[in-house]
Amino acid sequence: MKKKGLLIVVSGPSGTGKGTVCTKLLQETPELAYSISATTRAPREGEKDGVNYYFLTKEAFEKKIAAGGFLEHANVYGNYYGTPLDKVEESLAGGQDILLEIDIQGAMNVMAKCPQGIFIFLLPPSLKELEHRIRGRGSETPESLERRMNAAKDEIEIGKKYQYVVVNDTVDHAVEQIKDIWMAEHCRVAKNQELFEVLEHEERK
Ligand code: ADP
Ligand code: 5GP
């Protein structure tokens with residue numbers, strides 16, 4: 001029987017650096033697939049449909065929800081975001097590991113549906129640094145910065161439900177830690193029963 005792929009979910013508060021860390025991780029590990037999310041938000045400069053996101057209208061997104069086309073979906077700061085179900089199912093069935101970079105509500109929904117997933121919570125080194133990163137991104141109004149910072153404390157509390165925590169102090173360090181977690185998950189006894197079976201059936205000449 002073919003081994004199933006691993007479902008790896010990276011989430012954390014807005015501005016922690018999920019996008020930055022996952023982009024670097026994917027550049028360094030071409031064997032890891034990425035689940036391209038769908039969203040109703042407008043593309044930012046340089047973003048391409050089908051590469052960064054599938055950019056959908058609100059109507060098209062709601063139609064896909066009704067058709068059961070998402071593994072999870074959430075309303076994140078006023079826009080819909082969702083993980084298309086088909087690519088995740090195909091990857092896992094084909095033995096392909098796949099990465100989801102999603103918000104915390106979405107991750108909690110995936111945790112309920114797919115408890116076999118690997119859930120990694122990305123923390124900022126401090127709240128001060130989180131604020132600095134959100135400001136530095138330059139995409140927020142003072143009100144939306146305030147909203148994100150207020151949400152961050154409650155979101156960080158939810159991180160205690162995850163299996164793994166990684167502090168995004170430097171991008172390189174966070175990427176290395178995620179790779180280590182990924183490798184350790186591949187070495188679990190429960191996921192390698194066939195290695196024992198081969199030895200059990202080996203004949204001594
Ligand atoms: P998220 O996807 O979690 O909302 P981003 O990846 O957009 O966060 O990162 C938010 C900002 O913080 C960006 O300007 C990014 O360049 C910066 N950033 C990300 N990781 C680090 C890091 N380890 N050190 C310093 N700045 C970082
Ligand atoms: P951005 O608009 O900055 O690209 O993303 C905003 C937030 O939406 C980020 O926290 C990102 O992780 C989250 N997000 C991106 N794709 C998905 C998704 O498919 N599902 C959910 N629940 N959140 C997502």
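For the single chain, residues carry numbers from 1 onward in sequence order. These values consider heavy atoms only, across backbone and side chains, with no hydrogens, waters or symmetry-generated copies. The structure displayed is predicted, hence computed values, not measured ones.
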Show me the donor-acceptor pairs, under 3.5 Å and distance only, between side chains in residues 194-204 and residues at least two apart or in other chains.
from	atom 1	to	atom 2	distance (Å)
Glu194	OE2	Lys3	NZ	3.4
His201	ND1	Glu197	O	2.8

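Looking at Lys18, its side chain does come within 3.5 Å of a backbone N or O of Pro13 through a donor-acceptor pair. Looking at Gln96, its side chain does come within 3.5 Å of a backbone N or O of Glu31 through a donor-acceptor pair. Checking side-chain atoms of Asn192 against main-chain N and O of His186 turns up a donor-acceptor pair under 3.5 Å. Panel note: side chain Asn168, backbone Thr16; a donor-acceptor pair is recorded below 3.5 Å. A donor-acceptor pair is defined here as one N or O able to donate and one able to accept, closer than 3.5 Å; such a pair exists between the side chain of Lys87 and the backbone of Tyr34. With hydrogens and angles disregarded, a donor-acceptor distance shorter than 3.5 Å links the side chain of Glu47 to the backbone of Arg44.
If you chain together hydrophobic residues whose side chains sit under 4.5 Å apart, Leu26 and Leu100 never meet in one group. Put simply, Val9 and Val165 are part of the same group of oily side chains (I, L, V, M, F, W, Y) that touch within less than 4.5 Å, one to the next. Tracing side-chain contacts under 4.5 Å through hydrophobic residues (I, L, V, M, F, W, Y), one reaches Val110 starting from Leu92; they form part of the same cluster. Hydrophobic clustering (side-chain heavy atoms under 4.5 Å, transitive across Ile, Leu, Val, Met, Phe, Trp, Tyr) keeps Phe119 apart from Ile178. When the side chains of ILVMFWY residues are joined at heavy-atom separations under 4.5 Å, either directly or via intervening members, Tyr162 and Ile102 end up in a single hydrophobic cluster.
Residues Leu127 and Met149 approach most closely at O-CE, 3.5 Å, considering heavy atoms. Between Gly46 and Asn52 the shortest heavy-atom distance is O-OD1, 4.2 Å. Here the shortest heavy-atom pairing between Pro84 and Ser37 reads CD-CA, 4.1 Å. Across all non-hydrogen atoms, the minimal contact from Ser35 to Thr83 is OG-CG2, 3.4 Å.
Annotation: the span from Ile120 atom CD1 to Gln163 atom CD amounts to 8.5 Å, rounded to 0.5 Å. Distance check: Glu90 CD to Leu85 CG gives 10.0 Å after rounding to the nearest 0.5 Å. Remark: Lys191 NZ to Leu6 CG distance equals 5.0 Å, nearest 0.5 Å. Distance check: Asp49 CG to Ile36 CD1 gives 9.0 Å after rounding to the nearest 0.5 Å. The CG atom of Leu7 sits 11.0 Å away from the CD atom of Glu89 when rounded to the nearest 0.5 Å. We find the CG-CG distance between Leu71 and Asp86 to be 10.5 Å, quoted to the nearest 0.5 Å.
Cation-pi geometry between Lys58 and Tyr80 is not satisfied (NZ or CZ under 6.0 Å from the ring centre, within 45° of the ring normal).
For the pair Glu143 and Arg147, the salt-bridge criterion is not met [side-chain N within less than 4.0 Å of a carboxylate O]. Lys153 and Glu157 are not joined by a salt bridge, as no carboxylate oxygen comes within less than 4.0 angstrom of a charged side-chain nitrogen. No salt bridge links Glu131 with Lys128; every basic N to acidic carboxylate O contact stays at or beyond 4.0 Å. Ion pair Glu72/Lys113 not flagged as a salt bridge, since none of the NZ, NE, NH1 or NH2 atoms sits closer than 4.0 Å to an Asp/Glu carboxylate oxygen.
At a threshold of 4.5 Å between non-hydrogen side-chain atoms, the residues Lys24 and Asp172 count as touching. Side chains of Leu99 and Leu25 form a contact here, defined as non-hydrogen atoms less than 4.5 Å apart. The side-chain heavy atoms of Thr39 and Tyr54, taken from C-beta on, include no pair separated by under 4.5 Å. Side chains of Pro124 and His132 form no contact here, defined as non-hydrogen atoms less than 4.5 Å apart.
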- Step by step, would you call Thr29 with Asp97 a side-chain contact (heavy atoms from CB on, under 4.5 Å)? CA-CA 11 Å; Thr29 55; Asp97 297 348; over 6 Å; no
- Can Arg137 and Ser14 be said to form a side-chain contact (heavy atoms from CB on, under 4.5 Å), step by step? CA-CA 11 Å; Arg137 198 164 53 177; Ser14 171; 3.4 Å; yes
- Message: Does Ile104 form a side-chain contact (heavy atoms from CB on, under 4.5 Å) with Phe121? I'd like the steps, not just the answer.
- Response: CA-CA 9 Å; Ile104 295 165; Phe121 198 84; 3.7 Å; yes
- Begin from the C-alpha positions of Lys63 and Glu59 and carry the test salt bridge (charged side-chain N to carboxylate O under 4.0 Å, His left out) through to its verdict. CA-CA 6 Å; Lys63 219 166 149 187; Glu59 292 67 37; over 6 Å; no
- Check against side-chain contact (heavy atoms from CB on, under 4.5 Å), Tyr81 and Asp103: CA-CA 9 Å; Tyr81 291 81; Asp103 90 312; over 6 Å; no
- Item | Lys179 and Glu176: CA distance, side-chain angles, deciding distance, salt bridge (charged side-chain N to carboxylate O under 4.0 Å, His left out) verdict | CA-CA 5 Å; Lys179 282 191 203 165; Glu176 284 315 308; 3.4 Å; yes
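Donor-acceptor pairing under 3.5 Å is lacking for the side chains of Tyr77 and Glu140.
Classification of the Phe61-Phe70 ring pair by plane angle, with boundaries at 30° and 60°, yields parallel.
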